[in-house]
Structures are given as structure tokens and as C-alpha cells.
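All remarks here apply to the structure that follows.
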There are 2 protein chains.
Amino acid sequence: MHSQNLINVITDALPSLNKSETKVARVILSDPDAATSSSIASLAKKAEVSEPSVNRFCKRFNAAGFPDFKLKLAKSLASGIRFVNRNVDPDDEVSSYTPKIIDSTINTLALVRDKISHMRVNQVVDKLIQAKRIYFFGLGASGSVAKDAENKFFRFNLPVSSHDDVLMQRMLASTGSTGDVFFVISHTGRTKEVVEVAEIARRNGSTVIGLTAADSPLADMCSVTLDVDVPENTDEYMPMASRIVHLVILDVLTTGVTLRRGPDFLPHLEKIKDSLKPTRYKSES
Amino acid sequence: MHSQNLINVITDALPSLNKSETKVARVILSDPDAATSSSIASLAKKAEVSEPSVNRFCKRFNAAGFPDFKLKLAKSLASGIRFVNRNVDPDDEVSSYTPKIIDSTINTLALVRDKISHMRVNQVVDKLIQAKRIYFFGLGASGSVAKDAENKFFRFNLPVSSHDDVLMQRMLASTGSTGDVFFVISHTGRTKEVVEVAEIARRNGSTVIGLTAADSPLADMCSVTLDVDVPENTDEYMPMASRIVHLVILDVLTTGVTLRRGPDFLPHLEKIKDSLKPTRYKSES
DNA sequence: CTTTAATATGTAGTAAAATTACGTAAATTA
DNA sequence: TAATTTACGTAATTTTACTACATATTAAAG
């Protein structure tokens, strides 16, 4: 199990801290990286408190002591949401915006990893296993996610298709029936067309799975929703991370389905892999 | 700048270490997480060497001393490649395969972040900026990546299209000319059709950009190649990470192009964003 | 095969760091 | 205002890490 980012925890707890603890917190938050490599003495001095105060502070946040606290802090800095400004700046060079964008994606994924509901994943896998037919729907950026999903689920030897055309989606939704699964992908969950399509499908007794934002109109309409709270995009230069998250969640679902199918299914996957070989140049290894 | 993962560094250095250093390395590598929270004394005991040997070991890897080493190790563990077996197991539960898949994706991205050539990114951005027209080509899984790229580059107010149909690709490639950029996406870089298409485009004087594996036939054919060495997929249950990597790299390129266009271009982006508003249900916030 | 030099490893002492126990001060409540 | 709780610091203790030095091991040269 992954724990939440220490820096966020401290920030959240800030109002409930007492005088000296607040002093310590401020010093740590002002430069967390420096804190990880300083001694308890120097930190106490900087915060103008005594050494035991720092120690107590650490224990308050479930650390065994100061060294353990530093360790946890260091891990937070490396993996978690970067505390410092990680937004792309108008005068950033390649060498600075490249890691920023990748880091930001990594952070989002780490967030999803810690927050995603395993129960829901299981429910969705259930529905997908039972499906006689699967339709993946998405518009705009989610269209390519749907397309990717089609590609992946094709391997399961059952009728799959993806559609990024509203009219087509409407028609399919209205002709759907029990046994059909409509997998609707939408970042916001508030695109009218998409919500309507989900409603139509639902009315016809089909299963509707949503990969979308929590508490959105689309989420309300679905049989099961895999909701992901991808932080909103504030920076003009920062790309939308939700597509990536959706793709990775679909990876998870694919794996879930594969595992449920059991080991007897593996030869089939191999066959598909092999079928592609003649289209490729041999590797010189 | 990101430094390389400490665990990898130690693994690589393993053959060049002397007896006691090897012992220390083995103990650390066998359970890096435990190492981060143990004292120099207990580690020395476990490795059956003296404390100074451990200390010397740390200094060899550019740490100030043992505590500093632990810190760096902790950071490596948090961000970098998980060392322990992170493969999906046939009897994994949702709660175990979900983080495994996400972690694996994160690790791959971290690797790309540290290895990607900024010079190449710059070169590709150059070409894209100069393009009169951009075609994104991909087959299979790369088809959806191409589609996503089209979606993103559409915002730049220049003719873009994506194609996952071989015949269409051939025709377009053969009618291309200077000023046209063909952006070819392929995981392996060895699909014959794709390589041929690249060759045709190249012969006609078009610029061909490859987002593919290094040292592949496709890479050889391109004007510029953004090569990514995504580790090969060994596990049957593990999804292919290259699609994700390609998407993120396209995010980077989009940002690169946006920045080059300068701040005058931002209002245009806003306009596109606003155009979608009427299609959405209002948020209740 | 010995001698010499270099490298590798360990011992013991020293310094630094962290933790604990305890006492005093401040704040809260009755 | 007294009693009680909570907050904080001092000083002693313990743990931890580091340094200087000595011994052992290995490699090289005679």
C-alpha cells in the first residue's frame, strides 16, 4: 500500500499544530529537500526550537524518529507530487520542459495508483468478462483511447469495436441489448452527446461502463463507473494527463480480463502475436 | 537534471567491486528498502564486513557518508525502477496487479525521462514548426497514438491528419513533397509496410520523423528519429508500455511547438477550448 | 620464492547525532 | 486563582557514524 505524500500531510495538518511544531513545519516546507539532509540540531536551530521538539514533530507524523522522518520525506520528494513549481514556463528550454511534462504524468499516475477503487475495477472486469459484445465510445481525445481499447480487447476473441462518431454511437446504443457492454470514455463526463448516448444504451437494458470523472452527469448514468480524479489542468502549456490515465486503466482492465480467462487462454494470445511476425523485418540479434 | 537510479548504478558496478564491497552490494540489492532504514552497524553485520567497509562503499558511490547514501537510495526506490519482481502473477488479485501495472508504466516513463535526447526533441520540434502539413502514421496500437497526435496538433491551425490504413499511407507518401512532414510511429520499427512508406515519402523529398526503436530499419529511413528504448515486454500479462511513452513524447513535442509559437498564440488555444463549452453540461461548482 | 609495494579490510577510539528522562513554564479549565 | 493538562526545554544517555591507524591480503618485482 502506498501512503500519501508527506508534504501534503504536513500542509494539511498545519492548522492543528502548536507553536513550536508550526515553526518546524514551516522550516521543512520552505525547503523540504534541505531538510532531508540536515541534522536534527541544525533544523532545530533554524526553526528556533529545541531538538526534542523536532523529534516530537517527527513522531507526530508517524515516524520512528528524526532519521526515519527524513527518509520518508525524501521518498515523498522523489515520488510524489512535486512541491515546487513544476509548471512549464514560457521560457523553458527542452531540457526543462521535457522532464516537467513527464514528471507531471508520473505524478498523476502515482495518484491514480493510490486512489483507484479496486472494487470498482473488479466490478468492471466482471461486466467485461460477461459481455457478448463490447463497444468503446469516446469523442475527441477520448476517441483515440477508445480506439486503443478496441485494439487491446480484440485479442479476447469477442466482437469489439470503437466509435468516435456521435451518430454511429447513437444508433448502436439504441439497437443494443442485454449482453452488450457500452464502455464510454470521457474526461469531463459532461459532454452532452456522450451522456445522451449512455442514457439511450441504458434504457435499452445494456450495461454501460463509464471511464470518467466522479460525480459527473455521465457517471450518474452508468451501471458502473471507474472514476478518476485527475487534477484539473491549470497550466496553459501542460498537456492533459487524463488520456494517459485512461489508457493505463484500460491496461489494468485488459490484464484483469486476461487473468480471469485463466492460463488456457494464453496460447490464443501467442497465436495472435505470431500472426504478426511475417509482417516484420527480422531482428539482427 | 535527474540522476540515474542508484540501484542500477550499483548493479552495473557490481563486477568492478572488491570482496567486501560486493558483499555490501549484495545485501543492499537483495532488499534495498530494508537498507534505507537500517544502521551502518546492522548492515555491516548482515554483509559480514566491518562498519568502515560499508562507509567506504557509500563514498565510492558519491555519497557523503552512510546517511547520505541511505537518502539517495530511498529517493531511488521511490521514483525509479522497482527492483523486486513487479511482474504480474497468474494468481494476483486486483489489489496487486493494479499497482504493478501502473508502477511499471511509471518506471518506464522515468527511464525515458532520463534517457531521452533533448537535442533530438529540439530537432523534431524544428521540423514540426517548419511543416506546411503533417501526417501521422501508425498501424495497430500505434494507430491510436497517431490519432491522438492528430487531435493535439489540430490546435496549431495547420493541416494535420492521421492514418492507420496502409494503402492510404502509401498514396499520401507518394504524393508528398517538400514542406510535408510524415510522422511515423512504430513500436518495433520493423513492420515492413511502415518502413516502405517511410522510404517512399523520403524519396519524394518529404521530411520523415520517426518515433520508434533505435537501430531499427525504420529509424535508418527517417530524417530524424526520436528513439525510445522501452524495455521489451517479457511478461505475458504485462501490457505494452510503448504506446504510453509515445503519447507522452507527443505531449512533449506539442508543448515544444506551443512554446516556439510564442505567447501570441495562446489566445488561439483559448478560442478552441471555448468552442467546446456549449457541448457540455455546466459544472455545479 | 622472497621481498616490496599497493590495496583491502578491520579495530578501536572519537566525534556527532538522536533519544530519553525529567523538570519547568504556559495554557486551559474548573 | 488553583488545579490540571499540555507544551517545551535542559541535560544526560545512548546510539550512530566517522577517522586514524594497524594488520592482512594481494599483486608485482627482483
Side-chain angles (χ1 to χ4, degrees), chain A residues 6 9-77, chain B residues 6 9-77:
Chain A
L6 230 194
V9 173
I10 296 176
T11 310
D12 290 349
L14 213 46
S16 68
L17 299 178
N18 49 37
K19 234 183 286 175
S20 61
E21 281 172 336
T22 310
K23 283 189 202 167
V24 176
R26 281 206 201 297
V27 172
I28 291 172
L29 291 176
S30 73
D31 191 351
D33 202 59
T36 59
S37 49
S38 75
S39 73
I40 195 169
S42 64
L43 193 72
K45 199 175 166 190
K46 211 174 272 171
E48 298 178 304
V49 296
S50 69
E51 297 185 22
S53 288
V54 176
N55 196 275
R56 281 188 282 263
F57 176 89
C58 297
K59 286 183 174 167
R60 184 180 244 271
F61 290 98
N62 299 318
F66 183 69
D68 185 47
F69 178 86
K70 282 199 293 188
L71 220 81
K72 286 180 172 161
L73 189 64
K75 283 182 184 170
S76 289
L77 287 177
Chain B
L6 229 194
V9 173
I10 296 175
T11 311
D12 291 349
L14 213 47
S16 69
L17 299 178
N18 50 37
K19 234 182 288 175
S20 61
E21 283 172 335
T22 309
K23 283 188 203 169
V24 176
R26 280 205 202 297
V27 172
I28 291 172
L29 292 176
S30 74
D31 191 351
D33 201 58
T36 58
S37 49
S38 75
S39 72
I40 196 169
S42 65
L43 194 71
K45 199 176 168 189
K46 210 174 272 172
E48 297 179 305
V49 296
S50 69
E51 296 184 22
S53 288
V54 176
N55 196 275
R56 280 187 283 262
F57 176 89
C58 297
K59 286 182 174 167
R60 185 179 249 267
F61 290 98
N62 300 317
F66 184 69
D68 185 48
F69 178 85
K70 283 199 294 187
L71 220 82
K72 286 180 173 162
L73 188 64
K75 283 181 185 171
S76 289
L77 287 177

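No hydrogens, no waters, no symmetry mates; every other heavy atom, side chains included, goes into these values.
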Discussion item. List the residues meeting side-chain contact (heavy atoms from CB on, under 4.5 Å) with Pro67(A), not counting sequence neighbours, and say none if there are none.
Written reply: none
Worksheet entry | Whole-Å gap separating C1' (dA24(D)) and NZ (Lys19(B)) | 10 Å
Practice prompt. For the helix from dC1(C)-dG30(D) to dA30(C)-dT1(D), measure the angle between the helix axis at one end and the axis at the other, each built from five pairs, rounding to 10°.
Written response: 20°
Discussion item. The criterion is side chain to side chain donor-acceptor pair (under 3.5 Å); which residues satisfy it with Asn18(B), sequence neighbours excluded?
Written reply: Glu21(B)
Please enumerate all protein N or O atoms sitting under 3.5 Å from an N or O of nucleotides 16-20 of chain D, with distances to 0.1 Å.
{"residue": "dA17(D)", "atom": "OP2", "partner": "Ile40(B)", "partner atom": "N", "Å": "2.4"}
{"residue": "dC18(D)", "atom": "OP2", "partner": "Asn55(B)", "partner atom": "ND2", "Å": "2.3"}
{"residue": "dC18(D)", "atom": "OP2", "partner": "Phe66(B)", "partner atom": "N", "Å": "3.1"}
{"residue": "dC18(D)", "atom": "O5'", "partner": "Asn55(B)", "partner atom": "ND2", "Å": "3.4"}
{"residue": "dT19(D)", "atom": "OP2", "partner": "Lys59(B)", "partner atom": "NZ", "Å": "2.8"}

Worksheet item: If you look only at pairs with a residue in residues 13-53 of chain A, which of them pass as a ring pair (Phe, Tyr, Trp, His ring centres under 6.0 Å), with sequence neighbours excluded?
Response: none
Item to complete: Provide, to the nearest angstrom, the distance between the CD atom belonging to Glu21(B) and the P atom belonging to dT9(C).
Response: 7 Å
Fill in: Asn18(A) side chain near dC8(D) phosphate (N/O to OP1/OP2, under 4.0 Å)
yes
Fill in: Selection residues 28-53 of chain B - residue pairs positive for ring pair (Phe, Tyr, Trp, His ring centres under 6.0 Å), sequence neighbours left out
none
Fill in: Phosphate OP1/OP2 of dC8(D) contacted by Lys23(A) side-chain N/O (<4.0 Å)
no
Discussion item. Taking 4.0 Å as the cut-off, does a side-chain nitrogen or oxygen of Ser20(B) come that near to OP1 or OP2 on dT9(C)?
Written reply: yes
Worksheet item: What residue pairs, at least two apart or across chains, pass ring pair (Phe, Tyr, Trp, His ring centres under 6.0 Å) with a residue in residues 15-65 of chain B?
Response: Phe57(B)-Phe61(B), Phe57(B)-Phe69(B)
Got a list of side-chain donor-acceptor pairs under 3.5 Å for residues 35-44 of chain A, not counting sequence neighbours?
{"residue": "Thr36(A)", "atom": "OG1", "partner": "Asp33(A)", "partner atom": "O", "Å": "2.5"}
{"residue": "Ser37(A)", "atom": "OG", "partner": "Ala34(A)", "partner atom": "O", "Å": "3.3"}
{"residue": "Ser38(A)", "atom": "OG", "partner": "Ala35(A)", "partner atom": "O", "Å": "3.4"}
{"residue": "Ser39(A)", "atom": "OG", "partner": "Ala41(A)", "partner atom": "N", "Å": "3.4"}
{"residue": "Ser39(A)", "atom": "OG", "partner": "Ser42(A)", "partner atom": "N", "Å": "3.2"}
{"residue": "Ser39(A)", "atom": "OG", "partner": "Ser42(A)", "partner atom": "OG", "Å": "3.4"}
{"residue": "Ser42(A)", "atom": "OG", "partner": "Ser39(A)", "partner atom": "N", "Å": "3.3"}
{"residue": "Ser42(A)", "atom": "OG", "partner": "Ser39(A)", "partner atom": "O", "Å": "3.1"}

Worksheet item: Quick one: side-chain contact (heavy atoms from CB on, under 4.5 Å) partners of Lys46(A), sequence neighbours excluded?
Response: Val27(A)
Discussion item. Measuring to OP1 and OP2 of dT10(D), would you say a side-chain N or O of Ser50(A) lies under 4.0 angstrom away?
Written reply: no
Discussion item. So which atom in Asp68(B) and which in Ala63(B) form the shortest heavy-atom distance, rounded to 0.1 Å?
Written reply: OD2-CA, 3.3 Å
Item to complete: Round to the nearest Å and state the distance from Glu48(B) atom CD to dG10(C) atom P.
Response: 10 Å
